[in-house]
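Notes to accompany the following structure.
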Amino acid sequence: MYTTAQYSFFVKNLLDWFDQHGRHSLPWQKSPTPYRIWVSEIMLQQTQAATVIPYFERFMEAFPKLQTLAEATLDDVLAHWSGLGYYARGRNLHKAAQRCMQEHDGQLPVSPQQLQDLPGIGRSTANAIAAQAFGLPVAILDGNVKRVMCRLHGIEGWPGKAAVERRLWELAQAHMPTERVADYTQAIMDLGATLCTRRRPDCQRCPVHHECQALAQGLHDQLPTPRPKKVLPTRKRWWLKLEDNAGRLLLTQRPASGLWGGLWCLPEFDSEDDLLIQTMALGCQSTPKALTTIRHSFSHYHLHAEVMLVKGYQAGAIMDASSRWLSPKQATKLGLPTPVRTVLERP
DNA sequence: AATGCGGGGCG
DNA sequence: CGCCCAGCATT
């Protein structure tokens, strides 16, 4: 029915470590009913165990059974959720309890698929409940397990990518034993939470470090591959390098706010047509010629500026508060067309 | 203060 | 697939 490993060295080492170092007296571990495990899993989705414990105790006192929860008012449920945050999950918990009353004879369903159909329960949480409450050998894949699998098997690529995530599910399931299913589930989460941490994992103490591919390759602090930075949009602009017949260069000052605020720069246009029209309006005789492309990257976009060159400009009448003629010597010195803070010399 | 993360849900 | 939620840990 499910693909599982034989009782591997991995599982033996992990469970031996868990027996010695794992947590065994969490409130939901004693009398681990499906309902208690479910509530704990939802609470643990968002908060560390130490914080969850008092909330869990109070919640169980107020709503000791699934039926109690289903019959409570939403306000009462949310009041007991108060302080945990993520209230949508409290609402989902309440709604799911009512659905269990209507659709599953007042019980949580056993099958992972039916669990997953309840609000607030995705694939990993469904399997966490099925494994810990019903002993089904179905793997979880939360952030902890993803990290462990990425490192153990040297998986590269961002786990949010579908292909990577599919592979991680396969690996997680392949490690799942058929015995001590609940302990194994708790153990692999504990490993990720306490030793195989996101930063500076404690490989020395790891019970499976001898079979960790990431450690062997020195990649243990580079895996899992972080989410790619959002691809930045590229903005195309046209810059005019206008030289007059004395070799002087026209600069304009950018608006005080915004990108390169107040800096002096070649005149910038949103399109090549704009540039050509404006150039003609200045009385230029020759057609601007593509000189080079400037590439700049900012935090929020890439800029490609096409520099268009006009030489021998004769009209010479351009002068307003935001434009300057720069002497040939200055222009060379500043290494234009990079924007500059000040223009050294008044015309 | 800023950044990155993570489980589920939705379009 | 990408985006969103909204709170936390980490730096």
Please test A:Val208 against A:Trp17 for side chain to side chain contact (heavy atoms under 4.5 Å, CB included), starting from the C-alpha separation and ending with a verdict. CA-CA 9 Å; A:Val208 292; A:Trp17 170 82; over 6 Å; no
In Å, rounded to the nearest 0.5 Å, how long is the span from CD of A:Gln173 to CG of A:Leu168? 13.0 Å
Between A:Gln278 and A:Asp274, do the side chains contain an N or O donor and an N or O acceptor separated by less than 3.5 Å? no
What parts of residues 74-92 of chain A reach DNA chain B, counting only heavy atoms under 4.0 Å away? A:Tyr86, A:Arg89
How close or far is atom P of B:dG9 from atom CG of A:Asp117, stated in whole angstroms? 10 Å
In this structure, how many angstroms lie between the P atom of B:dG7 and the CD atom of A:Gln48, rounded? 14 Å
Using whole Å, what does the distance between atom C1' of nucleotide B:dG6 and atom CD1 of A:Ile140 come to? 14 Å
Walk me through it: do A:Leu69 and A:Phe59 pass the test side chain to side chain contact (heavy atoms under 4.5 Å, CB included)? CA-CA 9 Å; A:Leu69 177 61; A:Phe59 200 91; 3.8 Å; yes
Separation of B:dG7 atom C1' from A:Ile42 atom CD1, nearest Å, is 9 Å
Below 4.0 Å: OP1/OP2 of B:dG8 and any side-chain N or O of A:Gln45: yes
To the nearest Å, how far apart are A:Asp142 CG and B:dG8 P? 9 Å
Where along residues 145-170 of chain A does a heavy atom come under 4.0 Å from DNA chain B, residue by residue in number order? A:Arg147
Side chain to side chain contact (heavy atoms under 4.5 Å, CB included) assessment of A:Tyr184 paired with A:His175: CA-CA 10 Å; A:Tyr184 173 82; A:His175 283 288; 3.2 Å; yes
Go through it in stages, so that I can follow the logic: the residues are A:Glu170 and A:Arg167, the test is salt bridge (Lys or Arg N to Asp or Glu O under 4.0 Å), and I'd like the CA-CA distance, side-chain angles, deciding distance and then a yes or no. CA-CA 5 Å; A:Glu170 288 172 6; A:Arg167 181 70 185 130; 2.8 Å; yes
Over how many whole Å does the gap from A:Leu115 atom CG to B:dG8 atom P extend? 12 Å
What is the distance, to the nearest angstrom, from the CD atom on A:Glu41 to the C1' atom on B:dG8? 14 Å
When rounded to whole Å, the CD to C1' distance for the pair A:Gln222 and B:dG4 reads 17 Å
Please confirm whether the shortest side-chain N or O distance from A:Arg199 to OP1 or OP2 of C:dT11 is below 4.0 Å. yes
I want to check something: taking the side chain as every heavy atom from C-beta on, are A:Trp28 and A:Val52 in contact at a cut-off of under 4.5 Å? yes
As a test of reading the structure: which of B:dG9, B:dC5, B:dG7 is closest to the side chain of A:Arg198, going by heavy atoms? B:dC5
Only one of A:Glu211, A:His209, A:Arg147 passes side-chain contact (heavy atoms from CB on, under 4.5 Å) with A:Leu152, and that residue is A:Glu211
A:Gln285 and A:Gln314: CA distance, side-chain angles, deciding distance, side chain to side chain contact (heavy atoms under 4.5 Å, CB included) verdict: CA-CA 9 Å; A:Gln285 304 301 319; A:Gln314 293 185 10; over 6 Å; no
